[in-house]
Amino acid sequence: MTKLKSRHILGISHLDREEISFILDTAESLKEILDRPIKKVPPLRGKTIVNLFFEPSTRTKLSFELAAKRLSADTVGISASTSSVVKGETLIDTARNIEAMRPDIIVMRHSMSGAPHLLARYIDSAIINAGDGTNEHPSQALLDLMSVKEHFGRIEGLNITIIGDIAHSRVAHSDILAFSKMGAKVTVCGPATMMPPGIETLGCHALYDLRQAVRDADVVMALRIQKERQGMALFPSEREYARVFGLDTSIFSVIKESCVIMHPGPINRGVEMSPEVADSSRAIILDQVTNGVAVRMALFTLLLTDSREE
Amino acid sequence: MTGKVMSAILLKNARIIDPSRDMDLTGDLLIQEGEIAEVGPGLEGPEHALVVDLNNKWVVPGLIDMHVHLREPGQEYKETIETGTRAAAAGGFTKVACMPNTSPPNDNEGITRFILDRARKAGNCQVLPVAAVTMGQKGQGLTEFFDLLNAGAVAFSDDGVPVRKASVMRLALEYALNFDALIISHAEEPELSAQGCMNEGLTSTRLGLKGIPNAAEDVAVFRDCCLAELTGARLHIAHVSTKGAVEIIRRAKARGVKVTAETAPHYFSLTEEAVEGYNTFAKMNPPLRTEEDRRAIIEGLRDGTIDAIATDHAPHESLSKECEFALAANGIIGLETALPLALKVLVREEGFSPLEIARLMSQNPASILKVEGGSLEKGKSADLTVIDPDLTFTLERDSLFSKSFNSPFLGQSFRGKAILTIMEGQVTFDLNGLLKEG
């Protein structure tokens with residue numbers, strides 16, 4: 001494979017297995033740049049990347065920005081608080097105006113599912129979905145794949161267990177699709193109030209018992225409990241959540257010796273994961289963050305360089 | 001030709017479908033002075049009569065849509081009474097009942113009279129205003145039923161929003177008893193539907209959209225059926241979309257509760273999968289459900305649990321639909337696709353007879369609303385629709401009479417539509433110029 005079939009990165013649901021492998025291979029080869037003394041290469045010189053963030057983000061925004069800079073692209077960041085959205089401009093108008101200034105890629109985060117899909121119908125720039133509502137967060141899933149592959153040397157055949165708010169997590173959504181597409185077996189676990197209907201149709205199976213869900217896992221991923229996405233409390237208290245679904249050191253006696261712990265961040269320490277677990281040698285959470293930059297470099301490269309035929 | 005009163009029209013060799021007499025046979029029909037003057041074989045009209053050979057096309061009583069949104073007053077950029085009734089005539093309708101969620105809402109005599117006045121001036125289709133149940137559709141104090149009925153309202157509904165409190169719904173049903181008035185329920189439990197923007201199910205999970213469970217409709221339908229039973233008043237359930245609601249209504253009817261129900265063509269034609277790709281033209285409330293629900297709706301229509309097909313014609317300007325899915329307005333236009341969809345899905349796919357369609361789209365709505373219609377008997381007002389069941393066409397944005405084009409059926413091909421609509425003897429739609437004189 002020498003090019004992506006997709007013009008945009010809207011979601012894992014739009015990518016096939018071959019494309020995902022291609023992105024991961026590219027990311028692996030680019031990662032070494034991050035360890036050089038001079039962390040900059042020229043391939044995207046003269047290209048412009050706009051980070052259009054309608055929702056607060058620290059890690060993802062910084063990761064995209066660093067990825068662009070490592071490749072010598074120019075970046076501009078727009079966040080909701082400074083945008084014309086507050087003046088009542090429609091999303092389509094905002095995007096068309098940005099488009100008129102000729103960027104090459106728009107990286108977009110929005111609180112509503114399908115917002116990047118909407119823009120993709122109206123503008124010509126490539127769009128990377130950096131998280132849309134409760135739908136998808138494809139670059140996060142790609143970096144999770146990369147981290148797992150880096151650790152185990154493969155993805156196929158592994159047992160991946162995702163714990164937490166499955167219904168409101170775009171990370172869970174993209175991860176379920178991504179890991180199952182790559183041949184892993186995905187199990188999700190969480191309060192039934194946070195389990196969407198028909199979750200199995202995404203390619204996973206659901207369990208309510210944490211210990212049962214993690215027993216055979218090669219990877220246990222805890223999700224951030226996102227209070228900001230919930231209309232009302234979906235569990236009685238953080239205390240109870242931590243006791244039923246939180247990962248603390250007692251989990252080490254249940255999980256396999258080789259099992260690793262992941263988290264997309266930011267962690268609510270003491271809620272979904274105790275500090276001892278987050279800081280343990282089992283955790284590969286910071287590797288995920290590093291790989292995030294590499295994966296995003298790969299996405300920019302593949303969307304912008306000549307390897308993608310027009 | 002629209003609006004011109006023809007002194008006499010003789011429709012020859014028509015397939016005359018009259019549900020009021022259970023009649024479906026080939027014959028002629030003479031219209032004189034706004035009335036159906038004669039129906040039978042081998043009719044001879046007066047010398048000046050305009051004679052049209054229909055060549056076995058169907059003649060049905062003028063279609064009646066008991067659930068439309070005409071948007072006037074207040075949202076004339078979406079639709080006006082003039083454009084909405086023109087779309088109605090083009091869809092074969094001679095009467096439409098318009099919901100009160102205008103701006104301001106139709107909660108007083110003045111607005112009811114305004115709507116009727118506008119409709120009369122347009123002359124495309126008779127408009128039957130449905131007035132609000134509560135002042136400002138706020139779910140609190142009742143509107144003046146007596147006054148509104150005198151002004152021309154045919155029923156009461158807070159459509160667009162449910163009557164939230166069971167106590168207020170009970171009060172409305174009880175008060176309606178005084179006038180034998182009809183209460184139309186937009187059955188939705190807002191505590192369960194809040195923030196939802198499509199059906200809760202596999203597709204909502206796949207698209208990451210907040211869902212509305214069937215239960216939001218079912219519990220509200222059940223509540224209102226219980227209240228109709230308690231009070232003995234006449235209740236009509238609007239836009240039924242779930243399997244559960246069909247079953248609840250079926251049982252209530254069996255117990256003798258005075259409940260009737262309608263569904264919209266999209267609920268027997270489409271499922272939640274139409275939302276795929278964040279298609280805002282497939283966003284409505286209640287939302288498109290699953291295939292299982294669609295099947296149940298069709299069975300409900302077949303066994304008479306659902307009495308009527310109503311479009312819930314809900315025009316929206318493009319701005320309300322070309323946006324983020326969760327922000328997009330609910331509703332689609334339906335007046336110009338209702339009959340084609342009924343012919344496609346119910347007649348061709350499901351084997352409904354033309355007589356059954358005429359019952360669902362004319363006779364039953366007339367009897368629920370207690371207005372004249374649904375009959376081709378001699379002496380009745382000449383409200384009728386000529387249908388060419390074999391005419392093929394593609395639904396194009398530019399050919400729509402509605403001011404808006406928010407339809408999930410754009411670009412689709414259909415077979416069968418209304419080609420001539422006559423209201424009180426006046427030609428309100430004539431696709432092929434059949435009645436063009438000279």
Side-chain angles (χ1 to χ4, degrees), chain A residues 10-14 54-55 85 88-96 108 110-122 129 131-138 165-174 176-177 188 194-204 206 229-232 234, chain B residues 77 189-216 218 242-244 271-283 287-293 316-329 406 410-411:
Chain A
L10 295 177
I12 300 295
S13 59
H14 299 252
F54 293 94
E55 258 191 351
V85 174
E89 192 178 45
T90 68
L91 179 61
I92 294 166
D93 277 341
T94 302
R96 278 179 171 158
M108 176 179 170
H110 198 281
S111 61
M112 286 174 196
S113 304
H117 307 68
L118 173 72
L119 287 200
R121 290 202 291 270
Y122 285 88
N129 179 5
D132 64 323
T134 51
N135 182 37
E136 281 223 45
H137 191 354
D165 184 355
I166 309 300
H168 300 90
S169 170
R170 53 197 175 208
V171 174
H173 191 179
S174 289
I176 293 166
L177 294 172
V188 295
M194 294 172 151
M195 209 63 91
I199 183 71
E200 294 85 0
T201 58
L202 295 181
C204 61
R229 273 192 221 298
Q230 295 159 16
M232 57 173 140
L234 298 178
Chain B
Y77 53 95
E189 172 47 65
E191 291 286 331
L192 289 174
S193 61
Q195 289 148 30
C197 56
M198 70 167 298
N199 184 50
E200 181 176 305
L202 304 186
T203 308
S204 66
T205 296
R206 209 161 52 228
L207 294 177
L209 291 170
K210 174 102 166 96
I212 300 172
N214 281 24
D218 299 349
T242 67
K243 181 184 178 180
T271 65
E272 60 173 10
E273 281 163 36
V275 176
E276 210 67 60
Y278 302 95
N279 179 11
T280 57
F281 280 5
K283 183 181 176 186
L288 295 171
R289 306 284 187 181
T290 63
E291 178 63 14
E292 196 182 347
D293 294 298
H316 287 293
E317 86 291 3
S318 60
L319 193 60
S320 290
K321 286 290 195 182
E322 284 176 23
C323 61
E324 298 88 322
F325 191 86
L327 295 181
N406 50 313
L410 287 179

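Lettering of chains follows the sequences in order, A, B, ..., and the numbering in each one begins at 1.
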Checklist line | Nearest heavy atoms of A:Ser113 and B:Leu209, plus distance in Å | finding: CB-CD2, 3.6 Å

Margin query: Below 4.5 Å, heavy-atom pairs only: which of A:Ala167, A:Ser13, A:Gly11, A:Gly114 has the largest tally toward chain B?
Written below: A:Gly114

Item checked: side chain to side chain contact (heavy atoms under 4.5 Å, CB included), paired with B:Glu324, selected from A:Leu119, A:Thr90, A:Leu91 -> A:Leu91

Check: Do other residues, nucleotides or ligands put more than 12 heavy atoms under 6.0 Å from the CD atom of B:Glu317?
Finding: yes

Notebook entry, point to check: Does a sphere of radius 6.0 Å around CD in B:Glu292 hold more than 12 heavy atoms from other residues, nucleotides or ligands, not counting ones at 6.0 Å or beyond?
Noted result: no

Next item on the list: Considering only heavy atoms and a distance below 4.5 Å, find which of B:Ala194, B:Gly277, B:Ala326, B:Cys323 pairs most often with chain A.
Entry: B:Cys323

Margin query: Suppose a student defines contact as a heavy atom less than 4.5 Å from any heavy atom of chain A. Which residues in residues 199-207 of chain B would they list?
Written below: B:Glu200, B:Gly201, B:Leu202, B:Thr205, B:Arg206, B:Leu207

Notebook entry, point to check: How would you list, by chain and number, every residue that makes a ring pair (Phe, Tyr, Trp, His ring centres under 6.0 Å) with A:His117, sequence neighbours excluded?
Noted result: A:His14, B:Tyr278

Check: How about B:Lys243: does its NZ atom have over 12 heavy atoms from other parts shown lying under 6.0 Å from it?
Finding: no

Check: From B:Lys210 NZ over to A:Met112 CE, what is the distance, rounded to the nearest 0.5 angstrom?
Finding: 14.5 Å

Notebook entry, point to check: Among A:Asn135, A:Ile92, A:Ile176, who wins on heavy-atom pairs under 4.5 Å with chain B?
Noted result: A:Asn135

